K.L.:
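Right, I'll just put the structure down here and ask away after.
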Amino acid sequence: QVQLVESGGGSVQAGGSLRLSCGVFGYGDSIHCMGWFRQAPGKEREGVATLNSGRTTTYYADSVKGRFTISQDNAKNTLYLQMDSLTPEDTAIYYCAAAYPDVYACPALPRWYTHWGQGTQVTVSS
């Protein structure tokens with residue numbers, strides 16, 4: 001059983017930075033797709049960035065391109081999301097997610113992912 005545990009959320013002023021971490025516990029070697037998603041109040045959960053851990057291919061939502069960077073450590077047991085130039089529109093609960101299938105481009109569709117972390121709040125003030 002794979003378990004995901006996020007950390008690193010918090011409050012920051014616009015223009016600031018945060019780095020989210022997601023620890024992967026359990027059968028992490030079977031995981032190929034990992035991603036960061038977010039959900040703001042009253043909105044649907046949306047994909048922010050995804051990573052194929054073996055191929056290192058990435059995807060970014062247009063709203064975060066050039067500002068956010070998804071990465072993993074060499075042991076593939078921690079996923080990161082570096083968030084720079086944050087704006088109030090980035091305020092949301094951020095979730096880490098994982099899926100077993102090995103595809104070239106991991107989709108940013110929540111329904112693709114079978115394992116989820118508990119979420120971490122990110123609040124950006126103007």
Side-chain angles (χ1 to χ4, degrees):
Q1 182 71 18
V2 174
Q3 290 185 319
L4 308 176
V5 180
E6 300 106 333
S7 61
S11 297
V12 66
Q13 290 190 329
S17 298
L18 284 172
R19 189 176 82 156
L20 305 182
S21 299
C22 174
V24 181
F25 302 92
Y27 295 97
D29 288 346
S30 302
I31 294 294
H32 292 92
C33 280
M34 297 201 68
W36 289 98
F37 295 77
R38 67 186 181 187
Q39 188 165 17
K43 295 187 177 182
E44 293 186 352
R45 191 169 298 189
E46 64 172 350
V48 174
T50 67
L51 169 74
N52 181 302
S53 60
R55 303 172 189 266
T56 68
T57 49
T58 58
Y59 159 88
Y60 293 95
D62 288 342
S63 58
V64 307
K65 278 182 183 176
R67 301 189 299 121
F68 290 11
T69 303
I70 189 171
S71 64
Q72 63 183 15
D73 71 351
N74 290 335
K76 297 193 295 184
N77 61 358
T78 305
L79 183 74
Y80 301 102
L81 185 69
Q82 177 67 41
M83 304 185 294
D84 299 318
S85 302
L86 285 161
T87 73
E89 288 68 36
D90 295 316
T91 296
I93 299 175
Y94 283 71
Y95 298 90
C96 171
Y100 294 114
D102 183 8
V103 295
Y104 181 77
C106 297
L109 298 172
R111 64 176 183 268
W112 177 266
Y113 295 82
T114 52
H115 297 83
W116 292 85
Q118 80 285 358
T120 185
Q121 177 70 47
V122 171
T123 302
V124 184
S125 58
S126 57

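The model shown is predicted, which means the values in this text are computed figures rather than measured ones.
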K.L.:
Hey, does M34 have a side-chain heavy atom less than 4.5 Å from the side chain of C106?
P.N.:
no
K.L.:
CZ of R45 to CZ of R111: how many Å apart, nearest 0.5 Å?
P.N.:
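CZ of R111 is found 14.0 Å from CZ of R45.
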K.L.:
Heavy atoms, side chains only, cut-off 4.5 Å: are T69 and Y60 in contact?
P.N.:
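They are in contact (side-chain heavy atoms under 4.5 Å apart), so the answer is yes.
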K.L.:
Would you check if the side chain of N52 reaches a backbone N or O of D102 as a donor-acceptor pair within less than 3.5 Å?
P.N.:
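A pair under 3.5 Å: no.
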K.L.:
In the single-linkage hydrophobic clustering (I, L, V, M, F, W, Y; side-chain heavy atoms under 4.5 Å), do Y113 and L20 co-cluster?
P.N.:
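They do not share one cluster, since no chain of ILVMFWY contacts under 4.5 Å joins Y113 to L20.
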K.L.:
What I'd like to find out is whether the side chain of M83 reaches to under 4.5 Å of the side chain of V12, using heavy atoms alone.
P.N.:
no
K.L.:
Are the side chain of E6 and the backbone of G119 linked by a donor-acceptor contact shorter than 3.5 Å?
P.N.:
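Confirmed, E6 side chain pairs with G119 backbone.
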K.L.:
What is the distance from atom CG of L18 to atom CG of D90, rounded to the nearest 0.5 Å?
P.N.:
10.0 Å
K.L.:
On a heavy-atom basis, which atom in A14 and which in S126 lie closest, and how many Å separate them?
P.N.:
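Nearest heavy atoms, A14 then S126: CB-CA, 4.3 Å.
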K.L.:
Rounded to the nearest 0.5 Å, how far apart are OG of S21 and CG of L81?
P.N.:
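Separation between the atoms: 9.5 Å.
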K.L.:
Is T50 close to T58 at the side-chain level, that is, under 4.5 Å between some pair of heavy atoms?
P.N.:
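Side-chain contact under 4.5 Å: no.
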K.L.:
For F37 versus P110, what's the shortest heavy-atom pair and its separation?
P.N.:
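Shortest heavy-atom contact: CE2-N, 3.7 Å.
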K.L.:
Write down the atom of S17, the atom of Q82, and the distance for their closest heavy-atom approach.
P.N.:
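Shortest heavy-atom separation between S17 and Q82 comes out as CB-NE2, 4.0 Å.
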K.L.:
Over all heavy atoms of both residues, which pair between R67 and L86 is shortest? Give the atoms and the distance, please.
P.N.:
NH1-CA, 3.8 Å
K.L.:
Decide yes or no for L4 and Y95: does some side-chain heavy atom of the first lie under 4.5 Å from some side-chain heavy atom of the second?
P.N.:
no
K.L.:
Answer yes or no: is there a donor N or O on one side and an acceptor on the other, between the side chain of T91 and the main chain of V124, under 3.5 Å?
P.N.:
yes
K.L.:
Check whether any side-chain heavy atom of W116 lies under 4.5 Å from a side-chain heavy atom of C96, and answer yes or no.
P.N.:
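The answer is no, as the side chains (C-beta and beyond) never meet within the 4.5 Å cut-off.
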K.L.:
Roughly how far apart are H115 NE2 and C33 SG, rounded to 0.5 Å?
P.N.:
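SG of C33 is found 13.5 Å from NE2 of H115.
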K.L.:
Could you tell me whether the side chain of V64 reaches within less than 4.5 Å of the side chain of R38, counting heavy atoms only?
P.N.:
yes
K.L.:
Do F68 and W36 have side chains that approach each other closer than 4.5 Å (heavy atoms only, starting at C-beta)?
P.N.:
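No; the side chains remain at least 4.5 Å from each other.
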K.L.:
For the pair D73 and Y80, evaluate side-chain contact (heavy atoms from CB on, under 4.5 Å) and give the outcome as yes or no after the intermediate values.
P.N.:
CA-CA 8 Å; D73 71 351; Y80 301 102; 4.2 Å; yes
K.L.:
Which atom names give the shortest non-hydrogen contact between P101 and H32, and what distance separates them?
P.N.:
O-CB, 3.4 Å
K.L.:
Taking all non-hydrogen atoms of both residues, which atom of A61 and which atom of G47 are closest, and how far apart?
P.N.:
CB-O, 3.5 Å
